Amino acid sequence: MSKFTKLRIMDTFLELLNKKSLDKMTVKDIIETAEINRNTFYYYFEDIYDLLHEVFKKQFKDFCNETKKETFYEEYVRAAEFITKNRNAMEHVYKSKDRDLIRIYIERVARIFVARFVREAAVSYELSEEGVEYLTGFYSNAITGNTMHWVEEGMPPYREKVLFLISKSFEATVDNMVKTYIEFGECKTQ
């Protein structure tokens, strides 16, 4: 068995998921489209839901290994790319019992790229690691909530504008947020 075969199964599944809901998809659909046998499928995956989880894990790993972008906006677009390119598949996942995979994926990628930009903004300040974590969580939660709201609405076409506005909001506020955290968040309560 090869890594290529596993990737082919995952790619086939994602292709089918963009056309067919998760509850209507069968292992037979996947193996016929991928041109493999049933034993090969079960060598790599326990069932369709295990395959679904592996697809999200692979996408997260790919995101982490890809070249990072220069601006917050470009990085946010890169983070949202898996969801936007697989719009129908995400609708099908959202309507399934594993809808939380979308939120978890968004949270994980947002935390990674937001932390990078918070650290860059805080370079000229003495922001503690606790402060970096707080601000990363603050902005990541805003991105996750906003993106999930968009998914819940059925992913209408206004997303590019929202990505841009959120990016500009981050750029406009991050220095003030760092200063505010240093002034108020770093103090010890008694």
Side-chain angles (χ1 to χ4, degrees), residues 1-66 75-115 133-134 136-163 165-167:
M1 303 289 170
S2 74
K3 183 179 179 180
F4 174 76
T5 302
K6 183 176 182 178
L7 291 176
R8 188 169 81 229
I9 295 168
M10 293 168 78
D11 290 344
T12 298
F13 170 71
L14 194 54
E15 176 186 320
L16 289 170
L17 191 55
N18 273 295
K19 298 173 185 171
K20 188 182 237 187
S21 69
L22 201 53
D23 63 337
K24 301 254 192 270
M25 193 179 312
T26 65
V27 171
K28 183 179 179 185
D29 295 330
I30 298 165
I31 65 174
E32 286 178 356
T33 306
E35 298 177 343
I36 59 166
N37 66 45
R38 188 171 289 276
N39 289 339
T40 302
F41 177 89
Y42 286 110
Y43 176 80
Y44 292 107
F45 306 103
E46 291 177 23
D47 57 23
I48 288 177
Y49 286 96
D50 180 42
L51 172 54
L52 176 64
H53 284 253
E54 287 298 316
V55 166
F56 274 88
K57 284 180 194 173
K58 179 189 176 301
Q59 289 303 317
F60 178 72
K61 186 177 178 183
D62 289 350
F63 176 83
C64 293
N65 292 331
E66 290 170 357
E75 196 65 349
Y76 190 6
V77 168
R78 184 174 80 89
E81 189 173 38
F82 171 58
I83 292 170
T84 56
K85 280 189 173 179
N86 294 288
R87 177 183 227 96
N88 292 336
M90 294 305 116
E91 282 188 47
H92 294 145
V93 173
Y94 185 74
K95 292 176 183 173
S96 79
K97 69 178 184 139
D98 279 349
R99 74 173 41 180
D100 278 347
L101 284 175
I102 299 170
R103 182 190 46 76
I104 291 166
Y105 173 79
I106 295 165
E107 284 175 352
R108 292 178 75 198
V109 296
R111 277 191 115 13
I112 285 175
F113 86 83
V114 168
E133 283 298 311
Y134 171 78
T136 297
F138 178 84
Y139 286 110
S140 297
N141 288 336
I143 288 170
T144 301
N146 180 279
T147 305
M148 285 308 298
H149 180 70
W150 175 70
V151 170
E152 290 162 2
E153 288 181 324
M155 296 181 260
Y158 67 78
R159 189 70 191 148
E160 281 300 311
K161 180 180 178 183
V162 173
L163 290 171
L165 289 172
I166 290 173
S167 299

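Note that the coordinates shown come from a computational prediction; the quantities given were computed from them, not determined experimentally. Numbering starts at 1 and runs along the sequence shown. Because only heavy atoms are used, hydrogens play no part in the values below, and waters and symmetry mates are left out as well, while side chains stay in.
- Using a 4.5 Å heavy-atom threshold, the side chains of D100 and R103 count as touching.
- Here the two rings, on F45 and F41, have centers that are under 6.0 Å apart.
- F82 and F60 have their aromatic ring centers separated by at least 6.0 angstrom.
- Counting heavy-atom neighbours within 6.0 Å of E133 CD, excluding the residue itself, gives a total above 12.
- The number of heavy atoms from other shown groups lying within 6.0 Å of CZ (R87) is above 12.
- Put simply, the side chain of N86 does not reach to within 4.5 Å of the side chain of L17, judged on heavy atoms.
- In this structure, E35 places its CD atom where only 12 or fewer heavy-atom neighbours from other residues, nucleotides or ligands lie under 6.0 Å away.
- Counting heavy atoms from C-beta on, the side chains of V27 and I48 come closer than 4.5 Å.
- In summary, the side chains of D23 and S21 do present a donor paired with an acceptor at a separation below 3.5 Å, with no hydrogens or angles considered.
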Query raised in the report: Are T144 and N141 close enough, and set up right, to give a side chain to side chain donor-acceptor pair (under 3.5 Å), and what steps lead you there?
Result: CA-CA 5 Å; T144 301; N141 288 336; 5.3 Å; no
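- With hydrogens and angles ignored, the 3.5 Å screen pairs a side-chain donor or acceptor of R8 with a backbone N or O of A34.
- Inter-residue side-chain proximity for L22 and K97 is flagged as unmet; no heavy-atom pair is nearer than 4.5 Å.
- With contacts defined as side-chain heavy-atom distances shorter than 4.5 Å, the pair V162/L165 does not qualify.
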